[in-house]
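Structure first, then comments.
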Amino acid sequence: AAGRWVHPDPILDPDRLVAGIARLARDRGVRVVLPMEETTLLALLDRRKRLPAGTTLYGPEPEVIRRLSDKVEAASLLSAAGFPVPATSPVPDGIRFPAVVKPRSASGAAGVAYVDDEASCRAAHAAAVAAHGSALVQEFVPGRGVGVSLLIAREGDLVAAFAHRRLRERPATGGASTQRVSVALPAFVSELAATLAATGFFGPVHVEFREDERDGVLRPIEINPRYWGSLALAVHAGVPFPSLHARLAMGEHPRPILDYAVGVRCRWFLFGDLQIGLQALARGRWREAAAALGPRGPFDILSLDDPGPAMARLAAPLAWMATPGLRLLLRHPPA
(Lines give C-alpha, C1' and ligand atoms only; values in the text may rest on other atoms or scores of the structure.)
Protein backbone atom coordinates (compact mmCIF):
# COMPACT_ATOMS: atom_id res chain seq x y z
CA ALA A 1 0.00 0.00 0.00
CA ALA A 2 1.29 3.42 -0.95
CA GLY A 3 -1.01 5.37 1.34
CA ARG A 4 -4.08 5.32 3.54
CA TRP A 5 -7.25 7.32 4.09
CA VAL A 6 -9.82 6.98 6.89
CA HIS A 7 -13.21 7.20 5.22
CA PRO A 8 -16.60 8.34 6.57
CA ASP A 9 -19.14 5.76 7.71
CA PRO A 10 -20.72 4.23 4.55
CA ILE A 11 -24.05 3.64 6.32
CA LEU A 12 -24.44 6.93 8.20
CA ASP A 13 -22.89 9.20 5.59
CA PRO A 14 -22.55 7.50 2.17
CA ASP A 15 -22.62 10.82 0.29
CA ARG A 16 -19.59 12.12 2.16
CA LEU A 17 -17.86 8.77 1.69
CA VAL A 18 -18.25 8.91 -2.09
CA ALA A 19 -17.32 12.58 -2.22
CA GLY A 20 -14.12 11.80 -0.33
CA ILE A 21 -13.23 8.88 -2.60
CA ALA A 22 -13.91 11.01 -5.69
CA ARG A 23 -11.63 13.75 -4.33
CA LEU A 24 -8.94 11.19 -3.50
CA ALA A 25 -9.22 9.67 -6.98
CA ARG A 26 -8.79 13.08 -8.64
CA ASP A 27 -5.87 14.10 -6.42
CA ARG A 28 -3.94 10.84 -6.84
CA GLY A 29 -4.93 9.85 -10.37
CA VAL A 30 -6.69 6.67 -9.22
CA ARG A 31 -7.82 4.56 -12.18
CA VAL A 32 -9.72 1.78 -10.38
CA VAL A 33 -11.70 1.60 -7.14
CA LEU A 34 -12.11 -1.87 -5.57
CA PRO A 35 -14.55 -1.79 -2.62
CA MET A 36 -13.94 -4.65 -0.18
CA GLU A 37 -17.14 -4.54 1.92
CA GLU A 38 -20.78 -4.65 0.89
CA THR A 39 -21.57 -1.33 2.59
CA THR A 40 -18.90 0.59 0.70
CA LEU A 41 -19.65 -1.31 -2.52
CA LEU A 42 -23.35 -0.36 -2.46
CA ALA A 43 -22.63 3.25 -1.47
CA LEU A 44 -20.32 3.60 -4.47
CA LEU A 45 -22.51 1.70 -6.95
CA ASP A 46 -25.49 3.88 -6.02
CA ARG A 47 -23.35 6.98 -6.72
CA ARG A 48 -20.86 5.77 -9.32
CA LYS A 49 -21.56 8.75 -11.61
CA ARG A 50 -19.93 10.99 -9.00
CA LEU A 51 -16.53 9.40 -9.56
CA PRO A 52 -14.22 11.47 -11.77
CA ALA A 53 -13.70 10.68 -15.46
CA GLY A 54 -10.97 8.07 -15.83
CA THR A 55 -11.79 6.32 -12.53
CA THR A 56 -13.59 2.99 -12.95
CA LEU A 57 -15.78 1.03 -10.54
CA TYR A 58 -16.16 -2.42 -12.10
CA GLY A 59 -19.41 -3.89 -10.86
CA PRO A 60 -23.09 -4.45 -11.73
CA GLU A 61 -26.14 -2.37 -10.94
CA PRO A 62 -26.71 -2.12 -7.16
CA GLU A 63 -30.05 -3.91 -7.42
CA VAL A 64 -28.20 -7.04 -8.57
CA ILE A 65 -25.96 -6.93 -5.48
CA ARG A 66 -28.96 -6.48 -3.20
CA ARG A 67 -30.82 -9.38 -4.80
CA LEU A 68 -27.91 -11.81 -4.54
CA SER A 69 -27.16 -10.71 -0.95
CA ASP A 70 -30.71 -11.62 0.08
CA LYS A 71 -30.38 -15.22 1.24
CA VAL A 72 -33.98 -16.08 0.37
CA GLU A 73 -33.61 -14.66 -3.15
CA ALA A 74 -30.25 -16.44 -3.53
CA ALA A 75 -31.73 -19.77 -2.45
CA SER A 76 -34.57 -19.37 -4.96
CA LEU A 77 -32.15 -18.48 -7.77
CA LEU A 78 -29.82 -21.42 -7.14
CA SER A 79 -32.66 -23.87 -6.61
CA ALA A 80 -34.24 -22.86 -9.92
CA ALA A 81 -30.86 -23.50 -11.58
CA GLY A 82 -30.82 -27.06 -10.24
CA PHE A 83 -28.44 -26.69 -7.29
CA PRO A 84 -29.34 -28.80 -4.19
CA VAL A 85 -30.28 -25.90 -1.89
CA PRO A 86 -31.41 -26.81 1.65
CA ALA A 87 -35.03 -25.91 2.38
CA THR A 88 -35.23 -22.16 3.02
CA SER A 89 -38.19 -20.02 4.13
CA PRO A 90 -38.65 -16.37 5.16
CA VAL A 91 -41.16 -17.47 7.82
CA PRO A 92 -40.69 -19.97 10.67
CA ASP A 93 -42.93 -22.61 9.11
CA GLY A 94 -42.49 -25.81 7.12
CA ILE A 95 -38.77 -26.42 7.82
CA ARG A 96 -37.49 -29.68 9.30
CA PHE A 97 -35.36 -29.49 12.44
CA PRO A 98 -32.61 -28.93 13.26
CA ALA A 99 -32.59 -25.59 11.46
CA VAL A 100 -30.71 -22.32 11.32
CA VAL A 101 -32.30 -18.91 11.82
CA LYS A 102 -30.37 -15.92 10.43
CA PRO A 103 -30.86 -12.44 8.97
CA ARG A 104 -31.70 -12.35 5.28
CA SER A 105 -28.86 -10.03 4.30
CA ALA A 106 -26.31 -9.81 7.13
CA SER A 107 -22.96 -11.64 6.97
CA GLY A 108 -20.94 -13.51 9.57
CA ALA A 109 -22.34 -15.05 12.76
CA ALA A 110 -24.37 -11.99 13.82
CA GLY A 111 -27.98 -12.91 14.47
CA VAL A 112 -27.48 -16.63 13.68
CA ALA A 113 -29.24 -19.16 15.93
CA TYR A 114 -29.47 -22.96 15.75
CA VAL A 115 -32.88 -24.34 16.74
CA ASP A 116 -34.31 -27.81 17.37
CA ASP A 117 -38.03 -27.16 17.77
CA GLU A 118 -40.82 -24.86 16.66
CA ALA A 119 -40.93 -22.74 19.83
CA SER A 120 -37.23 -21.88 19.77
CA CYS A 121 -37.44 -21.33 16.00
CA ARG A 122 -40.22 -18.76 16.33
CA ALA A 123 -38.44 -17.00 19.18
CA ALA A 124 -35.13 -16.82 17.28
CA HIS A 125 -36.90 -15.65 14.12
CA ALA A 126 -38.67 -12.85 16.00
CA ALA A 127 -35.38 -11.78 17.62
CA ALA A 128 -33.60 -11.69 14.25
CA VAL A 129 -36.38 -9.63 12.69
CA ALA A 130 -36.28 -7.18 15.60
CA ALA A 131 -32.50 -6.80 15.38
CA HIS A 132 -31.96 -6.94 11.61
CA GLY A 133 -35.31 -6.13 10.00
CA SER A 134 -35.81 -9.52 8.34
CA ALA A 135 -34.91 -13.17 8.85
CA LEU A 136 -35.12 -16.63 7.34
CA VAL A 137 -35.14 -20.24 8.47
CA GLN A 138 -32.98 -22.79 6.68
CA GLU A 139 -32.65 -26.54 7.09
CA PHE A 140 -29.37 -27.30 8.90
CA VAL A 141 -26.78 -29.17 6.84
CA PRO A 142 -24.21 -31.07 8.93
CA GLY A 143 -20.67 -30.95 7.57
CA ARG A 144 -17.78 -28.64 6.77
CA GLY A 145 -18.09 -25.35 4.94
CA VAL A 146 -16.73 -25.07 1.39
CA GLY A 147 -16.28 -21.73 -0.33
CA VAL A 148 -16.26 -21.24 -4.09
CA SER A 149 -14.91 -17.88 -5.28
CA LEU A 150 -15.33 -16.54 -8.81
CA LEU A 151 -14.39 -13.50 -10.86
CA ILE A 152 -16.85 -12.93 -13.71
CA ALA A 153 -16.28 -10.50 -16.57
CA ARG A 154 -18.95 -8.04 -17.73
CA GLU A 155 -19.50 -10.23 -20.81
CA GLY A 156 -20.19 -13.25 -18.58
CA ASP A 157 -16.82 -14.99 -19.06
CA LEU A 158 -15.26 -16.75 -16.08
CA VAL A 159 -11.89 -15.08 -15.41
CA ALA A 160 -10.88 -16.82 -12.17
CA ALA A 161 -12.18 -19.55 -9.87
CA PHE A 162 -11.01 -20.94 -6.55
CA ALA A 163 -12.32 -23.27 -3.85
CA HIS A 164 -11.39 -23.92 -0.23
CA ARG A 165 -12.58 -26.05 2.67
CA ARG A 166 -12.95 -24.61 6.17
CA LEU A 167 -10.84 -26.33 8.83
CA ARG A 168 -11.66 -24.16 11.84
CA GLU A 169 -14.27 -21.49 12.55
CA ARG A 170 -15.01 -18.86 15.20
CA PRO A 171 -17.50 -19.55 16.65
CA ALA A 172 -17.21 -23.30 16.06
CA THR A 173 -20.96 -23.56 15.36
CA GLY A 174 -20.47 -21.55 12.17
CA GLY A 175 -18.83 -18.16 11.82
CA ALA A 176 -15.78 -16.73 10.11
CA SER A 177 -13.17 -19.31 9.11
CA THR A 178 -9.91 -19.00 11.03
CA GLN A 179 -8.09 -21.72 9.08
CA ARG A 180 -8.84 -23.16 5.67
CA VAL A 181 -7.20 -25.15 2.87
CA SER A 182 -7.40 -24.88 -0.92
CA VAL A 183 -9.22 -27.76 -2.64
CA ALA A 184 -9.98 -28.72 -6.24
CA LEU A 185 -12.76 -26.88 -8.05
CA PRO A 186 -16.14 -28.64 -8.04
CA ALA A 187 -17.39 -29.82 -11.41
CA PHE A 188 -20.30 -27.35 -11.48
CA VAL A 189 -18.20 -24.15 -11.46
CA SER A 190 -19.10 -23.19 -15.04
CA GLU A 191 -22.81 -23.67 -14.35
CA LEU A 192 -22.53 -21.59 -11.17
CA ALA A 193 -20.79 -18.75 -13.03
CA ALA A 194 -23.40 -18.84 -15.81
CA THR A 195 -26.25 -18.72 -13.28
CA LEU A 196 -24.78 -15.64 -11.60
CA ALA A 197 -23.92 -13.91 -14.88
CA ALA A 198 -27.51 -14.39 -16.09
CA THR A 199 -28.69 -12.06 -13.27
CA GLY A 200 -26.54 -9.24 -14.67
CA PHE A 201 -23.79 -9.77 -12.12
CA PHE A 202 -20.09 -9.32 -12.87
CA GLY A 203 -17.08 -8.89 -10.61
CA PRO A 204 -15.90 -10.93 -7.60
CA VAL A 205 -18.34 -13.24 -5.80
CA HIS A 206 -18.10 -15.88 -3.08
CA VAL A 207 -20.66 -18.69 -2.72
CA GLU A 208 -20.83 -20.58 0.58
CA PHE A 209 -21.60 -24.31 0.51
CA ARG A 210 -21.85 -27.03 3.12
CA GLU A 211 -20.43 -30.43 2.26
CA ASP A 212 -23.25 -32.62 3.59
CA GLU A 213 -21.65 -35.31 5.75
CA ARG A 214 -24.61 -37.59 5.10
CA ASP A 215 -24.06 -37.93 1.34
CA GLY A 216 -21.06 -35.75 0.41
CA VAL A 217 -23.18 -33.36 -1.69
CA LEU A 218 -22.21 -29.67 -1.79
CA ARG A 219 -25.30 -27.68 -0.82
CA PRO A 220 -25.27 -23.89 -1.39
CA ILE A 221 -26.06 -21.79 1.67
CA GLU A 222 -25.63 -18.18 0.53
CA ILE A 223 -24.12 -15.85 -2.06
CA ASN A 224 -21.78 -12.99 -1.13
CA PRO A 225 -21.45 -10.75 -4.23
CA ARG A 226 -18.28 -9.04 -3.00
CA TYR A 227 -14.81 -9.84 -1.74
CA TRP A 228 -14.54 -12.39 1.08
CA GLY A 229 -12.57 -12.58 4.32
CA SER A 230 -10.40 -15.54 3.25
CA LEU A 231 -9.16 -13.81 0.09
CA ALA A 232 -5.52 -14.18 1.19
CA LEU A 233 -5.67 -17.97 0.75
CA ALA A 234 -6.59 -17.64 -2.93
CA VAL A 235 -3.68 -15.26 -3.49
CA HIS A 236 -1.25 -17.60 -1.67
CA ALA A 237 -2.50 -20.49 -3.83
CA GLY A 238 -1.93 -18.59 -7.07
CA VAL A 239 -5.19 -16.80 -7.91
CA PRO A 240 -4.65 -13.00 -7.60
CA PHE A 241 -8.29 -11.93 -7.69
CA PRO A 242 -7.74 -8.19 -6.99
CA SER A 243 -5.14 -7.69 -9.73
CA LEU A 244 -7.29 -9.59 -12.25
CA HIS A 245 -10.28 -7.48 -11.17
CA ALA A 246 -8.27 -4.27 -11.69
CA ARG A 247 -7.13 -5.40 -15.12
CA LEU A 248 -10.74 -6.05 -16.15
CA ALA A 249 -11.67 -2.59 -14.93
CA MET A 250 -8.93 -1.05 -17.10
CA GLY A 251 -10.32 -2.77 -20.19
CA GLU A 252 -7.83 -5.63 -20.36
CA HIS A 253 -8.69 -9.28 -21.02
CA PRO A 254 -6.48 -11.30 -18.67
CA ARG A 255 -5.94 -14.99 -19.29
CA PRO A 256 -8.39 -16.96 -17.11
CA ILE A 257 -6.91 -18.65 -14.03
CA LEU A 258 -8.83 -21.83 -13.25
CA ASP A 259 -5.88 -23.83 -11.91
CA TYR A 260 -3.97 -23.30 -8.66
CA ALA A 261 -2.08 -25.08 -5.90
CA VAL A 262 -4.28 -27.49 -3.92
CA GLY A 263 -3.48 -28.19 -0.25
CA VAL A 264 -2.30 -24.66 0.59
CA ARG A 265 -3.36 -23.56 4.07
CA CYS A 266 -3.91 -20.05 5.37
CA ARG A 267 -5.13 -18.79 8.73
CA TRP A 268 -6.69 -15.75 10.38
CA PHE A 269 -4.63 -15.46 13.54
CA LEU A 270 -5.44 -12.03 14.98
CA PHE A 271 -8.87 -12.17 16.66
CA GLY A 272 -9.30 -15.63 15.12
CA ASP A 273 -7.02 -18.55 16.03
CA LEU A 274 -5.43 -16.45 18.78
CA GLN A 275 -8.77 -16.03 20.52
CA ILE A 276 -9.69 -19.70 20.00
CA GLY A 277 -6.32 -20.78 21.44
CA LEU A 278 -6.56 -18.55 24.51
CA GLN A 279 -10.10 -19.76 25.23
CA ALA A 280 -8.93 -23.37 24.89
CA LEU A 281 -6.06 -22.71 27.31
CA ALA A 282 -8.47 -21.23 29.85
CA ARG A 283 -10.54 -24.43 29.67
CA GLY A 284 -7.57 -26.76 29.88
CA ARG A 285 -7.93 -28.06 26.31
CA TRP A 286 -4.20 -28.26 25.61
CA ARG A 287 -4.32 -30.05 22.25
CA GLU A 288 -6.92 -27.65 20.86
CA ALA A 289 -4.89 -24.69 22.13
CA ALA A 290 -1.67 -26.00 20.57
CA ALA A 291 -3.38 -26.44 17.19
CA ALA A 292 -4.78 -22.90 17.25
CA LEU A 293 -1.67 -21.15 18.60
CA GLY A 294 0.97 -23.05 16.59
CA PRO A 295 3.24 -21.05 14.28
CA ARG A 296 2.13 -22.74 11.07
CA GLY A 297 1.37 -20.26 8.28
CA PRO A 298 0.89 -18.56 5.93
CA PHE A 299 -1.36 -15.98 7.54
CA ASP A 300 -4.12 -13.71 6.25
CA ILE A 301 -2.53 -10.54 7.62
CA LEU A 302 0.61 -11.27 9.66
CA SER A 303 3.83 -10.75 7.69
CA LEU A 304 7.36 -9.86 8.73
CA ASP A 305 7.93 -8.29 5.31
CA ASP A 306 4.87 -6.07 5.62
CA PRO A 307 3.87 -5.56 9.30
CA GLY A 308 1.73 -2.47 8.72
CA PRO A 309 -1.60 -4.27 8.06
CA ALA A 310 -1.30 -6.32 11.27
CA MET A 311 -0.59 -3.17 13.28
CA ALA A 312 -3.58 -1.47 11.70
CA ARG A 313 -5.78 -4.50 12.44
CA LEU A 314 -4.78 -4.38 16.11
CA ALA A 315 -5.69 -0.70 16.24
CA ALA A 316 -8.97 -1.14 14.32
CA PRO A 317 -11.17 -1.90 17.39
CA LEU A 318 -10.08 1.38 18.97
CA ALA A 319 -10.90 3.31 15.81
CA TRP A 320 -14.23 1.50 15.51
CA MET A 321 -15.17 2.46 19.07
CA ALA A 322 -14.60 6.11 18.14
CA THR A 323 -16.96 6.05 15.14
CA PRO A 324 -20.15 8.13 15.24
CA GLY A 325 -22.21 5.03 14.48
CA LEU A 326 -21.08 3.22 17.60
CA ARG A 327 -21.44 6.31 19.77
CA LEU A 328 -25.00 6.66 18.48
CA LEU A 329 -25.70 3.00 19.27
CA LEU A 330 -24.31 3.34 22.79
CA ARG A 331 -26.47 6.41 23.45
CA HIS A 332 -29.59 4.82 21.96
CA PRO A 333 -29.35 1.02 22.28
CA PRO A 334 -32.07 -1.04 20.59
CA ALA A 335 -35.02 -1.98 22.77
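Heavy atoms only: backbone and side chains are in, while hydrogens, waters and symmetry mates are out. Residue numbers run from 1 in the order of the sequence given.
- Proximity of F83 to L77: side-chain heavy atoms (C-beta onward) are nowhere separated by under 4.5 Å.
- Aromatic ring centres of Y114 and F97: separated by at least 6.0 Å.
- Between F201 and L68 the shortest side-chain heavy-atom distance falls below 4.5 Å.
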Under the salt bridge (charged side-chain N to carboxylate O under 4.0 Å, His left out) criterion, do D300 and R267 qualify, and how do the steps go? CA-CA 6 Å; D300 287 352; R267 50 196 301 222; over 6 Å; no
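- In terms of heavy atoms, P307 sits closest to D305 at CD-C, 3.8 Å.
- Counting only distance, with no hydrogens or angles, the side chain of R104 and the backbone of V129 share no donor-acceptor pair below 3.5 Å.
- Looking at D157, its side chain never comes within 3.5 Å of a backbone N or O of V159 through a donor-acceptor pair.
- Between the S182 side chain and the G263 main chain, a donor and an acceptor come within less than 3.5 Å of each other.
- Atom CG of D215 is separated from atom CG of D212 by 4.5 Å, given to the nearest 0.5 angstrom.
- S177 and R180 share a side-chain donor-acceptor pair at under 3.5 Å.
- S79 contributes no side-chain N or O that, together with a main-chain N or O of S76, makes up a donor-acceptor pair within less than 3.5 Å.
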Might you work through the salt bridge (charged side-chain N to carboxylate O under 4.0 Å, His left out) test for R226 and E37, ending with a clear yes or no? CA-CA 7 Å; R226 53 168 171 76; E37 300 287 344; 5.3 Å; no
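- Among pairs with a residue in residues 73-83, those fulfilling salt bridge (Lys or Arg N to Asp or Glu O under 4.0 Å) read R67-E73, at least two apart in sequence or across chains.
- Of the inter-residue distances, the one linking L45 atom CG with I65 atom CD1 reads 6.0 Å to the nearest 0.5 angstrom.
- Using a 3.5 Å distance cut-off with no hydrogens or angles, the side chains of D117 and S120 do pair a donor with an acceptor.
- Pairs engaging residues 230-250 under the salt bridge (Lys or Arg N to Asp or Glu O under 4.0 Å) rule: R247-E252 [sequence neighbours left out].
- In this structure, the side chains of L51 and K49 stay at 4.5 Å or more apart for every pair of heavy atoms.
- A salt bridge is defined here as a Lys NZ or Arg NE, NH1 or NH2 lying under 4.0 Å from an Asp or Glu carboxylate O, and R66 with D46 meets this definition.
- When all heavy atoms of R26 and P52 are compared, the pair lying nearest together is CG-CB, 3.4 Å.
- Side-chain contact between H206 and H164 is present, with at least one heavy-atom pair separated by less than 4.5 Å.
- Using a 4.5 Å heavy-atom threshold, the side chains of L167 and R265 count as touching.
- The hydrophobic cluster containing L270, built from Ile/Leu/Val/Met/Phe/Trp/Tyr side-chain heavy atoms closer than 4.5 Å, also comprises W268, F269, F271, L274, L278, L281, W286, L293, F299, L302, L314.
- Here R47 pairs with D15 in a salt bridge; the nearest charged N to carboxylate O distance falls below 4.0 Å.
- For E139, the salt bridge (Lys or Arg N to Asp or Glu O under 4.0 Å) partners at least two apart in sequence or on another chain are R96.
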Listing, residues 55-64 side-chain donor-acceptor contacts under 3.5 Å, not counting sequence neighbours, or none:
unit_1, atom_1, unit_2, atom_2, d
T55, OG1, V30, O, 2.7
Y58, OH, R154, N, 2.7

Apply salt bridge (charged side-chain N to carboxylate O under 4.0 Å, His left out) to residues E208 and R219 and explain how you reach the verdict. CA-CA 9 Å; E208 289 284 352; R219 303 189 185 280; over 6 Å; no
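- When atom types are taken as modelled, the side chain of R165 and the backbone of V146 share no donor-acceptor pair closer than 3.5 angstrom.
- Residues T178 and E169 are not in side-chain contact: their nearest non-hydrogen atoms beyond the backbone lie 4.5 Å or more apart.
- Residue H7 holds its NE2 atom at 6.0 Å from CG of L17, rounded to the nearest 0.5 Å.
- Here the options are W228, Y227, Y260, the test is ring pair (Phe, Tyr, Trp, His ring centres under 6.0 Å), and the partner is F241; only W228 passes.
- Annotation for R168 and A292: closest pair NH2-CA, 3.6 Å, computed over non-hydrogen atoms.
- By the 4.5 Å heavy-atom criterion applied to side chains, L196 and F202 are not counted as neighbours.
- L244 CG to I257 CD1: the interatomic distance, rounded to the nearest 0.5 Å, is 4.5 Å.
- The line from OG1 of T39 to CD1 of I11 is 5.5 Å long, rounded to the nearest 0.5 Å.
- L41 CG to R48 CZ: the interatomic distance, rounded to the nearest 0.5 Å, is 9.0 Å.
- Side-chain contact between P242 and L231 is present, with at least one heavy-atom pair separated by less than 4.5 Å.
- Residues satisfying the salt bridge (Lys or Arg N to Asp or Glu O under 4.0 Å) test with R122, not counting sequence neighbours, are D93, E118.
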